[in-house]
Amino acid sequence: MSKGIKIVTIGGGSSYTPELVEGFIKRYEELPIRELWLVDIPAGQEKLNIVGTLAKRMIEKAGLPIEVHLTLNRREALKDADFVTTQFRVGLLDARAKDERIPLKYNVIGQETNGPGGLFKGLRTIPVILDICKDMEELCPDAWLVNFTNPAGMVTEAVLRYSNIKKVVGLCNVPIGIRMRVAKMLDVAPEQVHVDFAGLNHMVYGLDVRVDGKSVLDQVLVEMGKPENALTMKNIPGLTWEPEFLLGLGAIPCGYHRYYYKTQQMLERELEEAATTGTRAEVVKRVETELFELYKDPNLAIKPPQLEKRGGAYYSDAACNLINSIYNDKRDIQPVNTRNNGAIASIPNDSAVEVNCVITKEGPKPIAVGDLPVQVRGLVQQIKSFERVAAEAAVTGDYNTALLAMTINPLVPSDKVAKQILDEMLEAHKEHLPQFHQTVEV
Ligand code: G6P
């Protein structure tokens, strides 16, 4: 890396890319990037060109010598990369809309990373990420894989257990979002807030929270019970929590916990949205059209504020801070998805967990948590079982394993409903599920 860093971003045509570019520009002094390769597939070529040209304008405006390369040739891009970031969506937003709409027909939550939708996003994504890992082994064996592709927990799990790539970190903006909102709620600077995060991706809890070293968990739980402070993200309806439930829970839930603790209300909200404004994917499609129109403007050379309509706020901070800390061996604490290695008791050692880690040049070192509090342990274990079985189904293409994953997901009411949803979704997504072709006729 002596002559500067080479970064490869797979899914480079994503509307989030300007976030990432802004993050790299801000940190250039510490993180001297020589080449940024944005990679996409032919269906994403137009978006890649638009967003890549904006990236070039942003870098030119900042006066930095970062070369931006746009390509559809992943292997060419990967050669000698130092960091590979992944942010692709197999089947694009149309596939996400199916993940959201089909379960609703059976009165089951339809969501990008939870329930049947999360399972199918995993089934589509895992074979692709494992292919990328094979290319990396050959072309850039020393590189770090920094994955933001959802379902990030399941994807990290699959890489850890089914590939030879060990230098992998899964990233999410949920923890950083919680920290920022706690800071706002208490009117303190985010740097003063420290949260003890532990759990899984989109299933993470703040077990304690301190401001300047002093625990403020009780105060935060009281504040979170107020409708104006219900912690959520742009993509999750901010239905309010029962204040007494939060006090009983004794830990900060993340926005996604609403799907588990408020299943009925969330389902009603989803059904209403599907019939009116459209599902989240359908809303995001409209936001994307607006964003790409803006990105085309040759006078635009910054990340436009409209990008904040997406759920991924702060994700570039999470990604760039991580890369920066690995590169510079900063040994600061960041919540990431990594191999458990015993940090959380009652989760297998070889599984991915989302937990605070010390970030070193050898990667994240998870901070030991011990047992999770009994009131959250069961749900975390159940989701981990789901993720493990789902990853196995994605790798093997085995119908029974996929049905098992669907049925043990807590959002699915029975094996019969699971089978109905599974069959309809296998058919709807068959184009992107080659591993199931012996099951589904193509
Ligand atoms: C949150 C999640 C991300 C997810 C995003 C969806 O930020 O943490 O994992 O990708 O929301 O946002 P969108 O705008 O696509 O609905």
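When a ligand or atom number is given, it counts from 1 through the structure's own listing order. No experiment lies behind these values; they were computed from the predicted model shown. For the numbers below, each heavy atom of this structure counts, side chains included, while hydrogens, waters and symmetry mates do not.
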So which heavy atom in the protein is nearest [atom], and how far is it from that ligand atom?
atom	value
atom 6 (C) of ligand 1	N235 ND2, 3.6 Å
atom 8 (O) of ligand 1	N173 OD1, 2.5 Å
atom 7 (O) of ligand 1	G311 O, 2.4 Å

May I ask you to say whether [X] pairs ionically with [Y], meaning some side-chain N is under 4.0 Å from a carboxylate O?
X	Y	value
E100	R96	yes
D135	R74	yes
R161	E392	no

If you measure from each non-hydrogen atom of [X] to ligand 1, which part falls under 4.0 Å: side chain, backbone, both or neither?
X	result
H202	side chain
R96	side chain
C172	side chain
Y256	side chain
T113	neither
R310	both

With respect to T85, which candidate in L20, V8, T149, N147 satisfies the side chain to side chain contact (heavy atoms under 4.5 Å, CB included) definition? L20
Best match, T149, N150, L307: closest heavy atom to atom 3 (C) of ligand 1: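 Looking at heavy atoms only, N150 sits closest to atom 3 (C) of ligand 1.
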Which of the atoms of ligand 1 are close to [X], meaning less than 4.0 Å from one of its heavy atoms?
X	result
V284	13 (P), 14 (O), 15 (O), 16 (O)
G312	7 (O)
Y16	12 (O), 13 (P), 14 (O), 15 (O)
V174	8 (O)

Within a reach of under 6.0 Å around [atom1] of [X], are more than 12 heavy atoms found that belong to other residues, nucleotides or ligands?
X	atom1	answer
E46	CD	no
E268	CD	yes
Y314	OH	no

Is the closest heavy-atom distance from R280 to ligand 1 below 4.0 Å? yes
Regarding T17 and Q87, do their side chains bring together a donor and an acceptor under 3.5 Å, going by distance alone? yes
Keeping the roles fixed (side chain from Q435, backbone from A394), state whether a donor-acceptor pair exists under 3.5 Å. yes
I'd like to know whether H257 forms a ring pair (Phe, Tyr, Trp, His ring centres under 6.0 Å) with Y205, so could you lay out the CA-CA distance, the side-chain angles of the two residues, the decisive distance to 0.1 Å, and finally the verdict. CA-CA 9 Å; H257 281 114; Y205 294 87; 4.1 Å; yes
Is any N or O atom of K309, backbone or side chain, closer than 3.5 Å to an N or O atom of ligand 1?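 No, K309 has no N/O under 3.5 Å of an N/O on ligand 1.
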